[in-house]
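Just the heavy atoms: all of them, side chains too, but no hydrogens, waters or symmetry mates, feed the values below. Worth saying up front: this structure is predicted, and the values here are computed from it rather than measured.
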Amino acid sequence: MSESSICQARATVMIYDDGNKMWLPAGTGSQTFSRVQIYHNPSTNAFRVVGRKIQD
């Protein structure tokens, strides 16, 4: 059995900068939305998170 997408959301992906103690937008360029999906593989009970930048 292969993995399947169990949920998805449109989100702004952020990365925490521990040195400056603040959240920053991931990637470069203007702050845009990404499609974030969570996949589940029932045979191994593993989860995988995939984020893709949405192109206008």
**Message:** Are the side chains of R35 and Q8 in contact, using a 4.5 Å heavy-atom criterion?
**Reply:** yes
**Heavy-atom side-chain proximity of F33 to K53 below 4.5 angstrom** = no
Are [X] and [Y] connected, step by step, through hydrophobic side chains (Ile, Leu, Val, Met, Phe, Trp, Tyr) whose heavy atoms are closer than 4.5 Å?
X	Y	value
Y39	I6	no
V50	I54	no
V49	F47	yes

**Prompt:** Under 3.5 Å, is there a donor-acceptor pair between the side chain of D17 and the main chain of G19?
**Reply:** yes
**Asked** What are the two closest heavy atoms between S2 and P42, and how far apart are they?
**Response** O-CD, 3.8 Å
**Asked** What pairs with A26 under side-chain contact (heavy atoms from CB on, under 4.5 Å), at least two apart in sequence or on another chain?
**Response** V13, I15
**Spatial distance of atom CD1 (I38) from atom CZ (R48) [nearest 0.5 Å]** = 11.5 Å
**Fill in**
Sorted by chain and residue number, the side chain to side chain donor-acceptor pair (under 3.5 Å) partners of R10 (sequence neighbours excluded) come out as none
**Message:** Using the rule given for side chain to side chain contact (heavy atoms under 4.5 Å, CB included), can you reason through H40 versus N45, listing the C-alpha separation, both sets of side-chain angles and the distance that settles it, and then say yes or no?
**Reply:** CA-CA 7 Å; H40 179 238; N45 199 30; 3.0 Å; yes
